[in-house]
Amino acid sequence: MPRYNPGQIESKWQAYWEENQTFKTAEMPDSEKLYVLDMFPYPSGNGLHVGHPEGYTATDITCRFERMRGKSVLHPMGYDAFGLPAEEHAIKTNTPPRESTEKNIANFTRQLKMLGFSYDWNRCLATTDVGYFKWTQWIFLVLFDTWFDSEQNKGRPISELPIPDEVNAVGEIAVAKYRDEHRLAYLDDALVNWCAGLGTVLANEEVIDGRSERGNHPVQRIPLRQWMLRITAYADRLEKDLADVNWSEGIKKLQRDWIGSSTGAEVDFYIGDPAAYDSWKEARAEFGFPSKAEEHTLRVYTTRPDTLYGATYMVIAPEHPSVDVLTTTEQAETVKSYCEKASFKSDRERTEDSKSKTGVFTGAYAINPANGVKVPVWVADYVLISYGTGAIMAVPAHDERDYEFANKYEIDILAVVDPGDRKSVDRNAVLAGTQCFSGFGIAVNSGDYNGTPTEQFKETIREALAVQGTGASAVNYKLRDWLFSRQRFWGEPFPILHELNAKGEPTGVIRGVDESDLPVDLPYLEDYKPHGRPEPPLAKADDDWLYPVIDGKSYRRETNTMPQWAGSCWYYLRYIDPTNEDCFVDPEKEKAWMPVDLYIGGAEHAVLHLLYARFWHKVLYDRGHVTTVEPFQRLVNQGMILGEMEFSVFQDEYLNWVGVDKVSRDNDGLYRQEDGSEVQLIKLTEDQVAKQGDTFVLADDEAVRVDARSFKMSKSRGNVINPDEIVENYGADSLRLYEMFMGPLTATKPWSMSGVNGVKGFLDRVWRMIVNDRAESLELNEAISDKQAEADALKMLHKTIQAVTRDTENLDFNTAIARMMEFVNYFTKQNVRPRSVMQSFVLLLAPYAPHIAEELWELLGAEATLAYEPWPELDESLLVESTIEIPIQIKGKVKSRISVAADISKDDLEQAARHDEKMQELLADNEVVKVIVVPGRLVNFVTK
RNA sequence: GGCCGAGUGGCGGAAUUGGCAGACGCUCAGGAUUUAAAAUCCUGUGUCCGAUAGGACGUGCGGGUUCGAGUCCCGCCUCGGCUACCA
């Protein structure tokens, strides 16, 4: 085997690692621990994408590197295997989703093993394993058993929930109901996308423009009793604890914005009989601001209570409970049809064309508590029922949305904030109500408050409202409680039972399944087709499953299933103790291995997955099941890998070239701007293109501009790279190395096949540096010698050790590889290559290209794997240079270079620079005003 | 619209603190080897002027700070990603 043959070497070492259990991790760390985690992949039928190995290689390099540095490394892999595609496949083929899921998992495992990642495969798990989701269900029961104590700011057992006397007085059922209302997992009516045409409930991403993605049937939003998780209770902690984790600022900001906390005030507007307004006010002044608004008041949330005097109308969401009460008989028809139309629109649609706001007048008026002024109440879908109180006071002069709406429906605009003189704001226009200004300024038209700066006004009005009993400070979050049920088959069943009465009707009493009865497995179904009711497929299960009887009471099982997020919320904990049947994770082991030290994955999970997992973790923490406040210490998001660069241009119907700058696109297609005639996209090869200035043009016709860019990989574009093919043609080591060499881990970068070929060339040179490639059998290159290494060779080695160690620590893999390339370029030119130097180099290469490294390590005389060999140690004394080259500048431009002793003094360096022949020439006619001497760096003469 | 990130040769990218711009790789060109090709090895490869020596320019654009700016400050432009009426 004279030539480098990755196929042979790679399968040999993969088999070796597997047989010898090289990467099996001990139950408990026996040295400093390091937990390195990859984001949980969904095992899709398409197999691995080249984006997957990018992060996986990065973590694998880190793990192999740290093992060699003596750390106890935990590096597991598994599958987030519940999900829609498997269910779709099941419906189409009428095979259980488990079958296709397991097939896909097997394929993923084959591909991952083929890339030589050093996972402890004994810890592999899938969310669909019954032994795994038993504990997902168990954690759900923990959530069900927990209420949030806002005084202690933590989750506590439901048994510790204080029950108010008035509830206790009513009886047991009322107490149970009270508890159910306070659990972290609770039932509520939430809107779902019900598609009558398909007879099923759809996920948001399956709905496009209010119609089903499949079949184009209309989709209506209807309320359905569903499980919710009270993540909002933890919003504050989820936000604050971000301060203590080592994540990029960008991701932290994304999470903060998603949580979106804002502080402001809730204000009640009176909507009852005007004659009773004064007595209402008196009552409020006496009893204060109630926790729930009474029927004849409309409660709004605002972050700008200082603009209360500018509220010229109010808006309530179409789903607001007061719509019916408020609507007058004359307006009833209009309002009813408006609200109905709104129910067919998704939140996304409502917000999509935010330019054209719509709404209708209810006919009713409310009284502004600040000044007693009567304002009209409108219904409009630009106000969302799910945020704040579902109602707003509209201040068109100081809110863009209200301004737009008021203009459209000719509602009064009253300026109450004077912007003063500032750029980009026309003060007079603002004061006249013809320009909207949402910044801070000085109050006007606000009664006694005139002249108060916004910041201060917010405070004083809040206090005044509190005294009046018409308002109170409030905090709101953009984050909503987590809709946790799905009307699907392929998910974890809820471990929940609904009690039935003698007639088989639900009593409203719910209970968790006993821990000893977990797991609740999915039932057998005849088929997976929708049954035409807005109810989950599990309702089709037979009675044995659906109607259990416990202690003589009969129950109906919960038929919703959990969303895909559930399983990925805690998988990192199960890896620590994957086969434990008594406990979701052994507390000793959890304490020893947590937290995750390094977590790498794509930015697509920056918000939801990470927020959900952190939420569960905090609940488990509060309930004493885990010991860390945060699960993921350090988070790194790998960049996206784009397809190969593409050049494109257009042609008209007569095959004339049309430059990309001359073409526009609309809904009908592409057309030439000049005359609107249709054009076609033509792909070009690199040699048909030339660069001109900043742009690319046709090589044959420089007047025609060509588009040159890389696109996201997609099936439809046909630019997807399959890792199987790369491994087959270049080897896994080349794929790993290339993905790391492309550029910084976190950057978006385009794929390049010739780049892959380039790193393959590097591995070929590594091979030939050590192996005699002309021999019949595997033997060392003649240049390999047991002689003592010379100073230059050692210097090269230690420079490489220094750079590779530093870069690997910092995840700067691309530059580490560049340094190794320099090493190889140097030694292929040397006739003497000391064995010990080669051995050290092979160890440096091992984390990056482990298969070839193992093979060369063996050839250089080792008997066992290098996986636990000590990392080469840097000897800095070998790096010391006796002479260095110093650039000499005149006014900052390099004019000459001199060689001087490395430890030369400042004065001597200046003298040496002055005496340089070239400098004497250049400085002869000039007066030197100043000399900057930076020892070891440079000399700069400043001349007149 | 908002937020985040990025603009450096033909391409991907490199450049501790402000201190030799373009490491390393690809591409391309020339040469060696070969009957020939592949593979391999050597040389060159930012732009412009110049036969060479050498010189000028050069990190998206316009300003600024500095002896010195890819790096710092101000104002723009372009591209990419995420997000979208959150009162």
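Residue numbers start from 1 in every chain, and the chains themselves are labelled A, B, ... in the order their sequence lines are given, proteins ahead of strands. Worth knowing before you read on, the calculation uses all heavy atoms, side chains too, and leaves out hydrogens, waters and symmetry mates.
Cation-pi geometry between K357(A) and F405(A) is not met at under 6.0 angstrom from the ring centre and within 45 degrees of the axis.
In this structure, N825(A) reaches the G25(B) phosphate: one of its side-chain N or O atoms is under 4.0 Å from OP1 or OP2. Listed pair R937(A) / G18(B) fails the phosphate criterion, with no side-chain N or O lying under 4.0 Å from OP1 or OP2.
Annotation: salt bridge (charged side-chain N to carboxylate O under 4.0 Å, His left out) contacts involving residues 805-817 of chain A, sequence neighbours excluded, comprise R69(A)-E809(A).
Relative orientation of the Y301(A) and Y387(A) rings is perpendicular, given thresholds of 30° and 60° on the angle between their planes.
Near-neighbour residues of RNA chain B inside residues 301-311 of chain A, defined by a heavy atom below 4.0 Å, number-ordered: Y301(A), T302(A), T303(A).
For T815(A), counting side-chain heavy atoms from C-beta on, the closest listed nucleotide (A87(B), A15(B), C82(B)) is A15(B). Of the listed nucleotides (A23(B), C3(B), G80(B)), A23(B) has the atom at the smallest distance from the side chain of R819(A).
Place A391(A) and K253(A) on RNA chain B by their nearest nucleotides, and K253(A) ends up nearer the 5' end.
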I would like to know whether T358(A) and Y338(A) meet side-chain hydrogen bond (donor to acceptor under 3.5 Å, both in side chains); could you show each step before the answer? CA-CA 9 Å; T358(A) 58; Y338(A) 181 82; 2.8 Å; yes
Extract from the structure each pairing of a protein N or O with an N or O of nucleotides 61-71 of chain B at less than 3.5 Å, listing the distance.
{"from": "C67(B)", "atom 1": "O2", "to": "N940(A)", "atom 2": "ND2", "distance (Å)": "2.5"}

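The partner of U40(B) is A32(B), by the rule that a Watson-Crick or G-U pair needs both atom distances under 3.5 Å.
Side-chain rings of F841(A) and F827(A) stay apart, their centers remaining 6.0 Å or farther from each other.
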